[in-house]
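Read through the structure below, which is laid out as structure tokens, and then see the notes.
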Protein chains: 2
Amino acid sequence: MEHREISRAVIKRLPRYYRYLGELMQEGVERISSGELSKRMQITASQIRQDLNNFGGFGQQGYGYNVKYLYHEIGKILGLDKTYNLIIIGAGNLGQAIANYANFERRGFVAKAMFDTNSQLKGKTVRGIPVYSMDDLEDYIRNNDVQIAALTLPKAGAEAAAKRLIKIGIRGIWNFAHTDLRVPDDVVVENVHLSESLMRISYRLSNQEE
Amino acid sequence: MEHREISRAVIKRLPRYYRYLGELMQEGVERISSGELSKRMQITASQIRQDLNNFGGFGQQGYGYNVKYLYHEIGKILGLDKTYNLIIIGAGNLGQAIANYANFERRGFVAKAMFDTNSQLKGKTVRGIPVYSMDDLEDYIRNNDVQIAALTLPKAGAEAAAKRLIKIGIRGIWNFAHTDLRVPDDVVVENVHLSESLMRISYRLSNQEE
DNA sequence: TAGATTGTTAATCGATTAACAATC
DNA sequence: TAGATTGTTAATCGATTAACAATC
């Protein structure tokens, strides 16, 4: 199925739709109109209909949208019908926190291994997830199915680690290092720059519109 | 000084400018033109000039921008000339990871205390930062200067915790819980929804444009 | 059928890019 | 002064909202 290019803005909203639909499902709500969903999500009904129509007509005139159906359809669009194996580069606090966060697995993201240059961590496990030496990175990826790598190491090592990962075939990078990675077109990088997020708080606190 | 409303898009880019200028400073670069910066940052020179001009003329025709000056000016705009005390609600892995991340302090964000409903954690410290009972939250905030609270607890408790924080006077919330908080207008919420970030990776991996 | 609500086109709004006069 | 580069206006592009005919 060929669909035209979806804008970045729409993609960014999809997981939020998915979350709200999941909640509605848990509440036992069977159907919802763009108007009702609009009230819940604090976005316009028009935007909801526009967004969903990027992927085809999920609704029905006079009825609205079937919650369960729409939830699963958006799940498929997001690629959540598949499982992704994840490795974590950098077994420090952040890396361990991610390894410990079992909830990601519910969505199909399974942490399989951690890697660290610090040989003292070698052999350690976090929630059953082993820490290996960075020396073993290529071997591990060759012998295991890995789709996504989380970079939870200091900025200084991030670019080099990314290069190795890309060379050996990884196409998804979840980058927590405070740097912009330069990668080929077919590699997906999703940045989580926590310090930038903090700075936006301080900006808004400092420049609070009265 | 009254300046007109700055758009959300511009604010989002400011920390990135700040990061690049910091790097230039470290490299010993004294001045930079919008054209050169454009090449580094992969955004148009026009956008750079537009963005900076929201805050006044930082550059000089025929010369460009003085790196050190611009760095400090953007720092001031971002409110990084002040110190912010931070408390962490939820002393689980993510909370501890944030407590452990000393780098935030370099930017003026100082973690002071953690709170958890799990009384077993009470008395524990992480990098010298103590864990208190949630029962002591209001007392602590009354007796200490706290500007920002990080919510690193499960979704179920997040809304209630936010209510308590706001009631006692906190105006900055760094929300890691997978829920949208409803807050008064003068409260700043910055969301970090890690699972949504993962979903965007899976979307892009699944729908990779060939 | 009448009422509700979608899918979709058209209008508006905002953000980005281009262009160039001002000026160091 | 001549060259470089900003600050700023105008043009373009894209995203959001409004409107309404189609249709369940």
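Just so we're on the same page: letters track the sequence lines, and every chain starts at 1.
Backbone-only contact: B:Thr44 has heavy atoms under 4.0 Å from sugar-phosphate atoms and none from a base. At a threshold of 4.0 angstrom between heavy atoms, the contacts of B:Ser33 are confined to the sugar-phosphate backbone, with no base atom among them. Residue contacts shown for B:Arg13 are limited to sugar-phosphate atoms, with no base heavy atom under 4.0 Å away. Within 4.0 Å (heavy atoms only), A:Arg31 reaches no atom of the nucleic acid at all.
Atom-to-atom, CG of A:Asn53 to P of D:dC20 comes out at 19 Å; the value is rounded to the nearest Å. Atom CD1 in A:Ile6 sits about 15 Å away from atom P in D:dG14, given to the nearest Å. Between A:Asn54 atom CG and D:dG14 atom C1' there is a gap of 13 Å when expressed in whole angstrom units. Between B:Gln47 atom CD and C:dA19 atom P there is a gap of 17 Å when expressed in whole angstrom units. For the pair B:Lys12 NZ and C:dT16 P, the computed distance is 11 Å after rounding to whole Å.
B:Glu196 pairs with exactly one of A:Arg19, A:Arg16, A:Arg13, A:Lys12 by the salt bridge (charged side-chain N to carboxylate O under 4.0 Å, His left out) rule, that one being A:Arg19.
When distances are taken from the side chain of A:Gln61 to each of C:dA15, D:dT23, D:dG7, the shortest belongs to D:dT23. Comparing D:dG7, C:dA15, D:dT9 by their nearest atom to the side chain of B:Gln50 picks out D:dT9. Nearest nucleotide to the A:Arg49 side chain, out of D:dT6, C:dA15, D:dC20: D:dC20. The B:Tyr65 side chain lies nearest to D:dG7 when the options are D:dG7, D:dT16, D:dT17.
With hydrogens and angles left out, the side-chain atoms of B:Ser195 and A:Tyr18 include no donor and acceptor closer than 3.5 Å.
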